[in-house]
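Data first, discussion second: the structure below is written as structure tokens.
Atoms considered below: every heavy atom in the structure, side chains included; atoms not considered: hydrogens, waters and symmetry mates. All chains are named by letter (A, B, ...) in the order of the sequence lines, taking the proteins before the strands, and each is independently numbered beginning at 1.
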There are 2 protein chains.
Amino acid sequence: MKTVGQIIRAKRENLGLLLRQVASYLDIDQAILSKIERNERKPTKDNIIKLAEILEFDKEDLLVQYMSEKIAYEIAEEDYASKVLKVAEQKVKYLKSNLIKN
Amino acid sequence: MKTVGQIIRAKRENLGLLLRQVASYLDIDQAILSKIERNERKPTKDNIIKLAEILEFDKEDLLVQYMSEKIAYEIAEEDYASKVLKVAEQKVKYLKSNLIKN
DNA sequence: TTTTAACTTGACATCATTTGTCAAATATAA
DNA sequence: TTATATTTGACAAATGATGTCAAGTTAAAA
């Protein structure tokens, strides 16, 4: 299982793009992108959206990877992680049926 | 489906405890507890642990409620929320099998 | 109704985390 | 070596989380 960072780095190198080039498109310092690719920093949602654009990923797929990874790290240390995810699913359903959509 | 805030308030009133009393046990201002109970602020993990103690909840149950609620709010607006949770489950399994336990 | 106690509200302060910059160090490869 | 790409770590700025406080409101007792 690859991390988002690994996925990004692989694709960037495949496309022959430099850190500098991609970072400039994201409007961040290349140091940050370097760290994102090595899982030393977490990308922002905006970073992910721009990365999907320039690296030709399906935007939703990359966002799913990103958000699920964030959640996984939040709860991975807990014994009851899978219980949390099950309950979260119910709560999401409940919220969706009760939220006023914008 | 009740929120953590609603669960806490119901139990506190049932036990006949005042905001002031419970807040003092949590070592926070009663204003915060008031807001937590009305979902205007999010409790910290430490708040939840102490609440479980003083309000006689099973600690793990309350933590599961708390964490799943946090996650649900993070992703509820997204169309692909349930996809995120499914992928997160896989990622958690992967992390658990690859993490060095402390 | 007046008084008292409980709770709520909002402005603000403090602190931690996140996100970023920069320049020097290191690696890679021409 | 020289040039280019990447990494590193110290630091700064921005954001978000957490808390205090005092005044306002509500509700119920006297």
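Checked for salt-bridge contact, K42(A) and E69(A) miss the test: no charged N lies under 4.0 Å from a carboxylate O. Remark: E60(B) engages K83(A) in a salt bridge, criterion side-chain N to carboxylate O under 4.0 Å.
The distance between atom CD1 of I32(B) and atom P of dA17(D), rounded to the nearest whole Å, is 14 Å. Following rounding to the nearest Å, K50(A) (NZ) and dG20(C) (C1') show an atom-to-atom distance of 14 Å. Whole-Å rounding puts the L19(B) CG to dT26(D) C1' distance at 13 Å. Rounded to an integer number of Å, the gap from CG of D27(B) to P of dT18(D) is 15 Å. Atom CD1 of I28(A) is separated from atom P of dT6(D) by 13 Å (rounded to the nearest Å). One atom, CD of Q30(B), and another, C1' of dG19(D), lie 14 Å apart when rounded to the nearest Å. Between L18(A) atom CG and dT28(C) atom C1' there is a gap of 13 Å when expressed in whole angstrom units. In this structure, K42(A) atom NZ and dT15(D) atom C1' are separated by 16 Å, rounded to whole Å.
For the atom pair OG (S68(B)) and CD1 (I75(A)), the distance works out to 9.5 Å, reported to the nearest 0.5 Å. Taken from NZ in K96(B) to OG in S82(A), the straight-line distance is 8.0 Å, to the nearest 0.5 Å. Note that the OG1 atom of T44(A) and the CD1 atom of I36(A) stand 7.0 Å from one another [nearest 0.5 Å].
Between dT8(C) and R20(B), no contact under 4.0 Å exists linking OP1 or OP2 to a side-chain N or O. Applying the 4.0 Å criterion to OP1 and OP2 of dT8(C), one finds that S34(B) has a side-chain N or O inside that range. Applying the 4.0 Å criterion to OP1 and OP2 of dT6(D), one finds that R12(A) has a side-chain N or O inside that range. Distances shown here put a side-chain N or O of R38(B) below 4.0 Å from the OP1 or OP2 atom of dT9(C).
Each of dC7(C), dG20(C), dC22(C) was ranked by its minimum atom distance to the side chain of D29(A); first place goes to dC22(C). Of the candidate nucleotides dT9(C), dT8(D), dT18(D), dT18(D) has the atom lying nearest to any side-chain atom of R41(B).
Residues forming a salt bridge (Lys or Arg N to Asp or Glu O under 4.0 Å) with K86(A) (at least two apart in sequence, or on another chain): none.
Within the 4.0 angstrom heavy-atom criterion, only backbone atoms of the sugar-phosphate kind lie near E40(A); the bases stay farther away.
Of the two residues contacting DNA chain D, namely P43(B) and A31(B), the nearest-nucleotide position lying further toward the 5' end is that of P43(B).
Applying the 6.0 Å contact sphere to CG of D27(B) captures no more than 12 heavy atoms from other residues, nucleotides or ligands.
Counting distance only, with no hydrogens placed and no angle test, the side-chain atoms of K35(A) and the base atoms of dG9(D) include a donor-acceptor pair under 3.5 Å.
Within residues 2-11 of chain B, the residues approaching DNA chain C are R9(B), by heavy-atom distance under 4.0 Å.
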